[in-house]
Each structure stands twice: as structure tokens, then as C-alpha cells.
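Atoms within a ligand are numbered from 1 in the order they appear, just like the ligands themselves. What you see is a predicted model, and the numbers here were worked out from it, not measured in a lab. In what follows, residues are counted from 1 in the order of the sequence shown.
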Amino acid sequence: MKIIMLGAPGAGKGTQAKMIAEKYGIPHVSTGDIFRANIKNGTKLGLEAKKYMDQGLLVPDELTVKILLDRVAQPDCERGYVLDGFPRTIPQAEVLDEALNKLGDAIDYAINVEVPDENIIRRMSGRRACVSCGATYHVEHIPPRQEGVCDKCGQDLILRDDDKPETVQNRLKVYHDQTKPLIDFYSGKGILRTVDGTVDMKDVFDAIEAILG
Ligand code: ADP
Ligand code: AMP
């Protein structure tokens, strides 16, 4: 099964993608996580990507498409995957479509997690991410057992640089301008499914399970 998660930054794509990956036994592929791992390791790609990420801008398609296509060509993706944060532009979606087409394959579902802009800023300022394993929490809605400490690996939880309110405003604008058109793109292909992302994360997942079966 090949799934795309759509939605504004902070809508809960990563939270739901991890639950889908676990239930359906497919890898969770997040371009944001790949970039952050590269930043942490000080690679050339990481240094380049950071320039854009810190401003809330998209990393150019030339860089992003290649890392995504390399990742989904790995053996663990043979049985499918859930993409979180890719595609974010129409050209990215077209390249992915073409690459799958060549293999006689296609995306099965694009799941749009819908959350109004008013909720997004609150969500992002409360998000805490693990410096080591990338697990995410929310200080009010999904708190860790011990404040500032990851339940899964015991490492520190931080507020991402790009989750500061000024940057979130930019990311929301970029989402509306460049990523939202993907809703029509996948709707036109008949594979778009929309779920209400404002309810409890377990209820969001119930709605997704009803779609995926
Ligand atoms: P995205 O991957 O779309 O950027 P995340 O999955 O990281 O978003 O979620 C953004 C923030 O909102 C995180 O702090 C997460 O813990 C929290 N969150 C996710 N789903 C819900 C939900 N249904 N209700 C409340 N908070 C949520
Ligand atoms: P995320 O973790 O998905 O919120 O992504 C964090 C940041 O990484 C984004 O704000 C972008 O700067 C960059 N990024 C992640 N995925 C993509 C993508 N598909 N295209 C361009 N930039 C991306």
C-alpha cells in the first residue's frame, strides 16, 4: 500500500503516519526527518536544506525529489510506504507519479488531514520533538511521561527552530501557495480522502483505518 499524507504543517501528518506505518507494517518516509538527520550529521545536503528550513521555505525540488526517489527505491519500500511531507509541490507530485508509472505502479490513497489555520500556531508552539529518535509530543495534548524527556529513548525534547511562531506563519503561507493545490491534483485522480484532524489523535486514526481497511 502506498499512501501520501497531505495537510498543513502541524496538522498531525507525522503523528498519523507513524501509526499507519506500525499498523500496516510499511515504512514511514518523512522528507523533513531525512533533512533533519542530514543537518544533525553536518552533511552538505543538510547545510543546504537548513538555509531554507530555518526561514520556513521549501527546500528546492531538485534536492528533495532525488532524496525521496532514492529512499523509496530501498528494499524495505517494496511492499509500500507512507509518505509524510512529500510531495509539497505539483512538480514533486508529477515526478513521483512518473517514477511510479514507469514501474506500472501508483499511489493508492492521498489522505488529507484537515486542521484550520487558527489551530495550527497553537499546535506548533506546543510541539516537542526528540533530538535523537524524532518522536513528537505536544505539551498539552500528547505530553511525554516526564517533561522534556522522550518516552521512547530517554533523550531531550526540544522546540524545533522552524516551529517558532514567526516561521510558522511563513510555513503556513508556503502551504497555501504551493502545497494546497495538491488537494485538487489528487482529488482529480480519485484517490483523495479527507479526515478531520481537529479531533483526538486516536479518533483521527479511526477515520483513517476506516478508509484503508
Ligand atoms: P505534521 O507532521 O503534520 O507537521 P505532527 O504530527 O508533528 O504534524 O503534529 C503537530 C503537533 O500537534 C505535535 O505536537 C503533535 O503531538 C500534535 N498533534 C498531532 N495530532 C494531534 C491531535 N489529533 N490533537 C492534538 N494535537 C495533535
Ligand atoms: P516537516 O518535518 O515535514 O514539517 O518539514 C520541515 C521542513 O523541511 C519544511 O518546512 C521544508 O523546509 C523542508 N521539507 C520537508 N519536506 C519537503 C518537501 N517535500 N519539499 C520541500 N521542502 C521540504
Side-chain angles (χ1 to χ4, degrees), residues 4-21 28-40 45-46 48-69 71-72 82-96 111-117 119-130 134-144 150-152 157-164 167-175 177-179 182 195-208:
I4 286 171
M5 304 303 294
L6 292 178
K13 299 181 298 295
T15 303
Q16 296 303 322
K18 285 174 192 141
M19 293 164 89
I20 293 171
H28 164 216
V29 175
S30 154
T31 38
D33 284 353
I34 296 173
F35 288 136
R36 280 185 289 277
N38 275 276
I39 291 171
K40 202 172 149 197
L45 170 68
E48 187 63 20
K50 190 172 177 355
K51 288 194 253 170
Y52 300 93
M53 291 168 74
D54 283 352
Q55 297 176 69
L57 300 174
L58 295 185
V59 177
D61 288 347
E62 304 86 77
L63 293 177
T64 310
V65 162
K66 185 178 179 326
I67 61 150
L68 188 276
L69 292 183
R71 177 65 190 90
V72 298
V82 49
L83 299 186
D84 159 20
F86 187 98
R88 263 182 156 101
T89 63
I90 296 275
Q92 289 182 11
E94 287 172 344
V95 173
L96 176 64
I111 297 178
N112 177 29
V113 182
E114 207 168 44
V115 174
D117 285 3
N119 301 19
I120 292 291
I121 307 255
R122 222 173 8 204
R123 283 253 183 121
M124 308 283 263
S125 58
R127 169 156 65 183
R128 295 293 179 274
C130 175
T136 45
Y137 301 86
H138 190 282
V139 289
E140 283 166 49
H141 309 299
I142 307 163
C150 180
D151 290 353
K152 298 199 173 75
L157 301 180
I158 54 153
L159 175 69
R160 274 167 45 179
D161 282 344
D162 60 345
D163 280 351
K164 294 182 190 125
T167 314
V168 171
Q169 293 284 10
N170 282 346
R171 295 173 69 195
L172 267 176
K173 183 172 183 321
V174 166
Y175 168 73
D177 292 348
Q178 299 191 57
T179 308
L182 291 172
V195 295
D196 177 2
T198 62
V199 297
D200 189 273
M201 63 187 249
K202 290 187 189 64
D203 297 325
V204 180
F205 190 59
D206 283 349
I208 292 176

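Panel note: side chain K13, backbone G7; a donor-acceptor pair is recorded below 3.5 Å. Using a distance-only test at 3.5 Å, with no hydrogens or angles considered, a donor-acceptor pair links the side chain of T31 to the main chain of G85. In this structure, the side chain of R171 does not engage the main chain of P9 through any donor-acceptor pair within 3.5 Å. Q16 places a side-chain N or O within 3.5 Å of a backbone atom of M201 that can act as its donor or acceptor partner. Remark: the backbone N or O of R88 is paired with a side-chain donor or acceptor of T179 at under 3.5 angstrom. A donor-acceptor contact shorter than 3.5 Å links the side chain of N170 to the backbone of Q55. At distances below 3.5 Å, not a single donor-acceptor pair connects side-chain atoms of N112 with backbone N or O atoms of E114.
Counting heavy atoms closer than 4.0 Å to ligand 1, residue I142 contributes side-chain atoms (C-beta onward) but none from N, CA, C or O. If you look at T198 next to ligand 1, there are no close heavy atoms at all, none under 4.0 Å. Contact annotation: for V113 versus ligand 1, there are no heavy atoms closer than 4.0 Å. Neither the backbone nor the side chain of A17 has any atom closer than 4.0 Å to an atom of ligand 1 (non-hydrogen atoms only).
Less than 4.0 angstrom separates some heavy atom of Y137 from each of these atoms of ligand 1: 13 (C), 14 (O), 16 (O). Here is the list of ligand 1 atoms found below 4.0 Å of a heavy atom in G14: 1 (P), 2 (O), 6 (O). The distance from ligand 1 to the heavy atoms of A8 drops below 4.0 Å at these ligand atoms: 3 (O). Interface of D200 with ligand 1, defined as ligand atoms under 4.0 Å from a residue heavy atom, comprises 23 (N). If you number the atoms of ligand 1 from 1 as listed, the ones under 4.0 Å from a heavy atom of H141 come out as 25 (C), 26 (N). Atoms of ligand 1 lying under 4.0 Å from any heavy atom of K13, numbered from 1 in the order shown and given with element: 1 (P), 2 (O), 3 (O), 4 (O), 6 (O), 8 (O). Interface atoms of ligand 1 facing V199, defined by a heavy-atom separation under 4.0 Å, are 22 (C), 23 (N), 24 (N).
Between T15 and ligand 1, at least one N/O pair is under 3.5 Å apart. Ligand 1 has no N or O atom lying under 3.5 Å from any N or O atom of V204, backbone or side chain.
Ranking the protein heavy atoms by distance from atom 8 (O) of ligand 1 puts G12 N, 3.2 Å first. At the top of the distance list for atom 22 (C) of ligand 1, counting protein heavy atoms only, stands R123 NH2, 3.5 Å. Looking at atom 7 (O) of ligand 1, its nearest protein heavy atom turns out to be R127 NH1, 2.6 Å.
For the pair T136/K18, a side-chain contact is recorded, criterion being any heavy-atom separation below 4.5 Å from C-beta on. Between T167 and D54 there is no side-chain heavy-atom pair separated by less than 4.5 Å. Side-chain contact between H28 and I20 is absent, with no heavy atoms from C-beta onward closer than 4.5 Å. T15 places none of its side-chain heavy atoms less than 4.5 Å from the side chain of H138. A 4.5 Å side-chain heavy-atom check between F86 and T64 finds at least one atom pair inside the cut-off.
Counting only residues at least two apart or in different chains, salt bridge (Lys or Arg N to Asp or Glu O under 4.0 Å) contacts with residues 120-130 comprise R127-D163.
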Which atom pairs, nitrogen or oxygen on both sides, join ligand 2 and the protein at under 3.5 angstrom?
residue  : atom   : partner : partner atom : Å
ligand 2 : 2 (O)  : R36     : NH1          : 2.9
ligand 2 : 2 (O)  : R36     : NH2          : 2.8
ligand 2 : 2 (O)  : R160    : NH2          : 3.4
ligand 2 : 3 (O)  : R88     : NH1          : 3.0
ligand 2 : 3 (O)  : R88     : NH2          : 3.2
ligand 2 : 4 (O)  : R88     : NH2          : 3.3
ligand 2 : 4 (O)  : R160    : NH2          : 3.2
ligand 2 : 4 (O)  : R171    : NH2          : 2.8
ligand 2 : 12 (O) : L57     : O            : 2.6
ligand 2 : 16 (N) : T31     : OG1          : 2.7
ligand 2 : 16 (N) : G85     : O            : 3.3
ligand 2 : 16 (N) : R88     : NH1          : 2.9
ligand 2 : 19 (N) : G85     : O            : 2.8
ligand 2 : 19 (N) : Q92     : OE1          : 3.0
ligand 2 : 20 (N) : Q92     : NE2          : 2.9
ligand 2 : 22 (N) : V59     : N            : 3.0

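When S125, G85, G10 are ranked by how near their heavy atoms come to atom 10 (C) of ligand 1, first place goes to G10.
When every heavy atom of A11 is checked against every heavy atom of V115, the shortest pair comes out as O-CG2, 3.6 Å.
Residue contacts with ligand 1: A11 is included, with a non-hydrogen atom under 4.0 Å away.
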